[in-house]
Engineer: 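First the structure, which I've put down as structure tokens, then a few questions once you've had a look.
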Amino acid sequence: MSATPTPPPKINRLGLAILEYKGSKTTLCAGCGHNVISERIIDALYEMGVPPERLLKLSGIGCSSKTPAYFVGRAHSFNSVHGRMPSVATGAMLANSDMLALGISGDGDTASIGLGQFIHLMRRNLPIIYIIEDNGVYGLTKGQFSATADEGSKLKTGVINDLPALDTCALAIQSGATFVGRSFSGDKRQLLAMLKAAIAHRGTVMLDIISPCVTFNDHEGSTKSYDYMKEHDEPLHELSFVPHFENIDVDYDPGTTMDVTMHDGSHLRLRKLGEDYDPSSRPNAVRALMESHSKGEVLTGVFFVDTKKPSFIDLLNLRSEPLATLPQSAVRPSAKVLEEVMEELR
Ligand SMILES: Cc1ncc(C[n+]2csc(CCOP(=O)(O)OP(=O)(O)O)c2C)c(N)n1
Ligand code: SF4
Ligand SMILES: [Mg+2]
């Protein structure tokens, strides 16, 4: 009897198997939401056919910021200091704007020590996917409340948080980010579609992904636990994504579904689940978020998209070639130009 032949490994449009998108083995706690987000990032990069060497992984400090080690081992990577990833990302993208920048941060890394850098990144519209793996605590330093913890939520020790939470999505929308959404690590479909659309966007994408910390914040009284999210997750719409390299002739009803054409020609489709929602208005997006907070819901979905605003790279009129490969003639002012500058200063 002849043995059944092994099926060939599945490959993406670059001819790469999913193994090429994996990284080191995780050292995070089993069940941590951050591990699930790494898995979805691997799926999204593989399915979109992103060349591993085009990816630039960036992070700050925290359990979340360790995760770039656990996906796409062949990519470029920079683990910066606490809350300072945005300035490193800005420098890197100015030096080579052809990279796909993917920044992984935590709620502590972003909303406490890194808040100033975060806001300025959002207002510049630098092309980057900025992900907050949001568990409401500083997981790495043993579970203190972060600034995204909801007022009234409880630590394992019984301590109640008396301060109001910062909504990083509302902040990003108000500050100028051009693609802003919230998802939950446990919602595989929604998160994957959102990540793929993020890859297709040219500008600042800010995704706040609720990612339960099973060790310090998954108990009763927490508002970032698996149980709480299962009960309070309120999807704004159903997301689907058609990449530019796939057939777009999939029918949709414009009465119930909004189609957003992304920068690379891909399509993000938002099928309404309740009321009409227009993701092109910043005031509406912030209002929807505030209303959902007052109802005690966790609204998820893509709250805001603007595919027209020029990115920071466009504004600076930078060349797309990496700085390191430009000839001297392109990076050094000529003697004549220098002489003119000196003349102005005399
Ligand atoms: C300058 C500085 N201050 C404080 C710390 C201590 N510290 C390390 S990680 C962290 C918070 C991490 O929280 P978060 O970003 O939410 O990541 P998580 O571990 O929850 O994924 C803090 C305060 C540090 N490493 N550096
Ligand atoms: S402490 Fe919390 S955030 Fe850190 S790895 Fe464990 S479960 Fe994840
Ligand atoms: Mg955290």
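Numbering of ligands and ligand atoms starts at 1, following listing order. In this chain, residues are counted from 1 in sequence order.
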Engineer: So which heavy atom in the protein is nearest atom 1 (C) of ligand 1, and how far is it from that ligand atom?
Structural biologist: Ile113 CD1, 3.7 Å
Engineer: Would you say Ser64 has any N or O atom under 3.5 Å from an N or O of ligand 1, going by distance alone?
Structural biologist: yes
Engineer: What is the nearest protein non-hydrogen atom to atom 15 (O) of ligand 1, stated with its residue, atom name and distance?
Structural biologist: Asp109 N, 2.7 Å
Engineer: Closest non-hydrogen protein atom to atom 25 (N) of ligand 1, residue and atom name please, with distance?
Structural biologist: Ile61 CG2, 3.6 Å
Engineer: Is the positively charged end of Lys57 above the ring of Phe71, judged by distance under 6.0 angstrom from the centroid and angle within 45° of the axis?
Structural biologist: yes
Engineer: Taking atom 6 (Fe) of ligand 2 as the center, what protein N, O or S atoms are found at less than 2.8 Å?
Structural biologist: Cys29 SG
Engineer: In this structure, are over 12 heavy atoms from other groups packed under 6.0 Å from Leu163 atom CG?
Structural biologist: yes
Engineer: Considering only non-hydrogen protein atoms, determine which one is nearest to atom 6 (C) of ligand 1 and report residue, atom name and distance to 0.1 Å.
Structural biologist: Thr141 CG2, 3.8 Å
Engineer: When clusters are formed from ILVMFWY side-chain contacts under 4.5 Å, directly or step by step, what else is grouped with Val298?
Structural biologist: Phe184, Ile210, Val214, Tyr226, Tyr228, Met229
Engineer: Using only heavy-atom distances, determine whether the side chains of Thr110 and Ser105 contain a donor-acceptor pair under 3.5 Å.
Structural biologist: yes
Engineer: To the nearest 0.1 Å, how far is atom 14 (P) of ligand 1 from its closest protein heavy atom, and which atom is that?
Structural biologist: Gly108 N, 3.4 Å
Engineer: Nearest protein heavy-atom contact for atom 3 (S) of ligand 2: which residue, which atom, what distance?
Structural biologist: Asn135 ND2, 3.5 Å
Engineer: Taking distance alone, with no angle check, do Gly139 and ligand 1 share an N/O pair under 3.5 Å?
Structural biologist: yes
Engineer: Any idea which protein heavy atom is nearest atom 4 (C) of ligand 1, and the distance to it?
Structural biologist: His82 CD2, 3.6 Å
Engineer: Compute the ring centroids of Tyr130 and Phe118, then answer whether they are less than 6.0 Å apart.
Structural biologist: yes
Engineer: Under 3.5 Å between some N or O of ligand 1 and some N or O of Asn135?
Structural biologist: yes
Engineer: How far apart are the closest heavy atoms of Phe245 and Met48, and which atoms are they?
Structural biologist: CE2-O, 3.7 Å
Engineer: Restricting to under 2.8 Å, identify the protein N, O or S atoms around the Mg ion (ligand 3) as residue plus atom.
Structural biologist: Asp107 OD1, Asn135 OD1, Val137 O
Engineer: Under a single-linkage rule joining Ile, Leu, Val, Met, Phe, Trp and Tyr whose side-chain heavy atoms are separated by less than 4.5 Å, which residues share a cluster with Ile61?
Structural biologist: Leu140
